[in-house]
Amino acid sequence: MTAALQFLFQRLPPSLPQTQQAHAALLKCGTVPFDTRPTANLLALYAHHIRLADAAVLLRFIPRPDPFPFSALISALVSARLFSPALALFSSMLSLGFPPDPFVLPVALKACAALPSLPIGRQLHSLSLVAGISADPFINSALVHMYLKCRAVADAQLVFDRMTDKSVVTWSAMIAGCATHGRVGEALQMFKQMRTSGVQPNQITWNGLLVGFNRSGHPQETVLTMRRMHSEGFEMDEVCISSTLSAVADMESVAIGSQIHGYVIKAGLEVNSSVLSALVDSYGKCGRTEEMVRVFDEVGSVDVGSCNALIAGLSRNSRADDALKAFKEFKAQGIELNVVSWTSTVACCSQNGKDMEALELFREMQAAGVDPNAVTIPCLLPACGNIAALMQGKSAHCFSLRKGILMDVYVGSALVDMYAKCGRIKDARAIFDTMKTRNVVSWNAMIAGYAMHGKAKDAIDLFLSMKRNMQKPDSITFISLLSACSQAGLTEEGERYFIELQQEHSIIARVEHYACMVSLLGRAGRLNEAYDLIRKMQVEPDGCVWGALLSSCRVHNNVRLAEIAAEKLFQLEPENAGNYVLLSNIYAAKGMLDGVDRMRDIMKNMGVKKEPGCSWIEIKNMVHMLLAGDKSHPQMSQIAEKLEKLSVEMKRLGYHPSTDFVLQDVEEQDKEHILCGHSEKLAVALGLISTPSGTPLRVIKNLRICGDCHAAIKFISNFEGREIHVRDTNRFHHFKDGHCSCGDYW
DNA sequence: GTAGGGTTAG
């Protein structure tokens with residue numbers, strides 16, 4: 001009876017109701033739990049359906065010692081990607097006295113590879129030696145695979161070299177592993193060796209090679225391998241195509257992408273989810289947004305992978321609003337969005353100035369039960385830094401600690417950046433010091449942090465330590481370093497680093513480096529040299545370069561160069577009101593009474609419509625300054641008349657007539673709410689007021705400021721009788737008694 | 001009953 005049932009049992013199709021029927025039948029004839037094999041088979045079937053609780057109950061009933069039920073359950077756990085429980089069960093199997101056999105050990109090794117856990121993998125290796133089964137080809141193949149996944153390439157090589165009978169599976173594992181670790185030459189060499197030793201590659205070997213090349217950042221090799229594979233008559237399946245498309249995306253080659261797209265259509269592969277995701281991604285990375293959307297719409301797939309590729313593609317092609325719209329639509333359609341979907345959308349927001357939205361999405365994500373991972377955190381943290389949302393930044397820090405991802409180099413670097421931008425330079429350094437691995441981004445984040453806080457000496461010390469640690473500086477490192485030197489007035493050091501970056505590191509000076517140098521020379525009063533440097537630039541100077549010159553001209557009141565810089569600047573950034581303000585201030589400082597008319601003419605010629613109030617208020621202040629200087633000036637009545645007209649016009653346009661007036665209102669109304677114009681950017685800048693010693697940041701909400709933000713800051717500083725730190729776009733300014741420590745004009 | 005290849009987020 002039992003034998004007959006077992007016969008039937010092994011032929012059962014793997015459906016859950018039939019498994020349950022068989023269970024009932026076995027119970028009826030009293031087989032379960034007294035006969036080992038049928039019970040074990042039943043257990044295996046339950047495990048297959050991931051009914052692990054049922055399987056575990058049966059495991060307790062197995063009467064005679066038999067490792068098979070354990071193996072079956074461990075196998076099922078691994079298939080269900082429950083790797084840690086699988087290893088835990090393996091461990092209890094050993095403690096019950098069952099020796100590891102050649103069937104269960106490869107499965108346990110697969111779990112180690114998937115985690116990955118090198119220490120457990122090594123224990124399993126010793127176990128196979130102790131048990132005397134270390135010659136088993138399955139165990140050795142699994143060991144090779146495990147060591148490769150754990151990045152222990154030398155160990156994998158050792159096991160591989162000692163093997164006598166290498167199957168195609170073993171070769172494939174080793175070849176794929178070499179390719180994945182970027183050992184292009186070795187992988188190809190092995191491929192040859194395998195063939196000469198008489199082992200033919202079936203499809204998987206080729207794919208392993210190709211996937212490995214793609215993952216290790218060798219897109220050209222990936223495409224070449226695909227071509228060779230095709231010419232040798234192997235079928236290009238979905239695995240091959242999706243990996244090659246990913247490589248094409250890295251190469252940004254529309255031509256190859258379109259060819260593969262043609263093949264995909266012919267082979268009917270576009271319905272495959274991996275292929276479609278890779279296709280959408282590759283059009284997105286090549287900047288072909290229209291094609292990307294068309295492919296996505298044509299297939300009409302609701303696969304989450306291609307949805308994610310679409311969100312990312314829209315986001316990276318400056319279509320952040322469309323990306324957000326797509327995300328919301330997918331959610332409304334009931335598509336099961338995963339951690340990649342949420343992370344891409346958070347990244348889309350934090351990279352496109354939608355910082356509040358990024359924070360809100362992160363909250364929603366957790367409410368939706370999607371667990372953020374080591375990629376989500378570095379996508380979220382820039383948003384925290386941008387708006388100095390220290391509390392949210394700290395909670396992301398705590399989250400990383402709980403999740404055990406604090407050692408991730410991206411997480412660490414993003415935390416350094418966030419703390420620095422929130423005014424917490426000491427906390428940034430503490431994170432930096434505890435990081436186990438650092439890359440150039442980590443060093444840059446810390447150096448930029450010091451530069452932002454005006455700590456030039458610390459920035460230079462860290463730069464020297466970076467070089468001692470054999471970390472090669474890049475273009476970004478020098479931008480921070482030069483900016484720090486410029487702020488601190490370390491002219492000679494700055495000049496030396498400007499030469500070093502080009503001569504020692506063969507970095508081509510970018511427009512940002514020039515802007516720092518212009519600022520550096522300008523601050524030292526070497527305005528003509530700064531202007532010469534601009535004229536000698538190999539790249540076209542942008543608004544930052546001319547802006548640096550204009551600001552320096554303000555410090556040293558040089559009208560001649562200021563007008564040259566301003567003319568260029570007004571052409572490049574006609575709507576940036578701050579530039580007009582700077583020039584008008586230089587006129588004022590020089591006591592040029594015709595300054596008002598000059599400014600009005602310039603603005604009229606430039607067709608400035610946006611934010612005229614900013615400049616007008618500044619012009620008005622200038623006139624005030626002039627009047628204060630010489631009350632008996634013959635043009636006084638004329639100026640007063642102009643002033644009156646300006647006031648009326650400003651009121652008509654909805655601008656507040658006087659900044660002083662607004663600031664006086666603050667005390668009675670609401671200190672947290674100052675209104676004097678329109679400028680979102682400055683609102684953010686003033687939203688970042690902090691106290692000097694790093695005590696909690698005080699965020700002034702709803703602050704809307706016009707060109708007089710400087711006056712407002714001075715006012716707040718005086719008004720509250722204390723020092724404040726204000727973060728401009730990329731640096732902190734320290735105010736005391738209405739003066740700024742950096743020496744800039746405010 | 002055991003071993004090798006898949007895309008999308010920093």
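Naming convention: chains lettered A, B, ... in sequence-line order (proteins, then strands); numbering from 1 in each chain.
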Side-chain donor-acceptor distances from residues 121-131 of chain A under 3.5 Å, at least two apart:
residue, atom, partner, partner atom, Å
A:R122, NH1, A:D155, OD2, 2.9
A:H125, ND1, A:Y147, OH, 2.8
A:S126, OG, A:R122, O, 2.9
A:S128, OG, A:H125, O, 2.6

State which residues pass side chain to side chain donor-acceptor pair (under 3.5 Å) with A:D322; sequence neighbours excluded, sorted by chain then number. A:R319
Using a 4.0 Å heavy-atom cut-off across all strands, classify A:D136 as base, sugar-phosphate, or nothing. nothing
Name every residue in residues 121-133 of chain A that has at least one heavy atom under 4.0 Å from any atom of DNA chain B, in order of residue number, or write none if there are no such residues. none
Is any N or O donor-acceptor pair between the side chain of A:N207 and the base of B:dG4 shorter than 3.5 Å? no
Let's test your reading of the model: under 3.5 Å, does the base of B:dG1 pair with the side chain of A:S71 as donor and acceptor? yes
Side chains of A:S242 and A:S274: donor-acceptor distance under 3.5 Å anywhere? no
Checking all strands, does A:K166 fall into the base, sugar-phosphate, or nothing category for heavy-atom contacts under 4.0 angstrom? nothing
So, do A:F103 and B:dT2 meet the stacking rule of ring centres under 5.5 Å and planes under 30°? no
Donor-acceptor side-chain pairing of A:T244 and A:T222 below 3.5 angstrom: no
Please pick, from B:dG10, B:dG5, B:dG4, the nucleotide with the shortest atom-to-atom distance to any side-chain atom of A:T205. B:dG4
If you check the A:P378 side chain, which of B:dG10, B:dG4, B:dA9 turns out closest? B:dG10
Output the single nucleotide from B:dG5, B:dA3, B:dT2 whose closest atom is nearest the side chain of A:S75. B:dT2
Please, which pairs that meet salt bridge (Lys or Arg N to Asp or Glu O under 4.0 Å) have at least one residue in residues 128-137 of chain A, sequence neighbours excluded? none
Closest to the A:S344 side chain, choosing from B:dG5, B:dA9, B:dG4: B:dA9
Mind checking if A:N373 touches a base, just sugar-phosphate, or nothing, with heavy atoms under 4.0 Å? base
Can you see if the side chain of A:R215 gets near the phosphate of B:dG5 - specifically, an N or O under 4.0 Å from OP1 or OP2? no
Checking A:K325 now: which residues fulfil salt bridge (charged side-chain N to carboxylate O under 4.0 Å, His left out) with it, not counting sequence neighbours? none
Nearest to side-chain heavy atoms of A:K149, which nucleotide of B:dG6, B:dG5, B:dT8: B:dG5
Going by modelled atom types, is there a donor-acceptor pair between the base of B:dT7 and the side chain of A:S277 at under 3.5 Å? yes
Taking B:dA3, B:dA9, B:dG6 as options, the one with an atom nearest any side-chain atom of A:T170 is B:dA3
When we call it a touch if two heavy atoms are under 4.0 Å apart, what does A:A414 touch: a base, just sugar-phosphate, or nothing? nothing
Residues forming a side chain to side chain contact (heavy atoms under 4.5 Å, CB included) with A:V153, sequence neighbours excluded: A:L148, A:H181, A:R183
Tell whether A:D237 reaches the base of B:dG6 with its side chain through a donor-acceptor pair below 3.5 angstrom. no
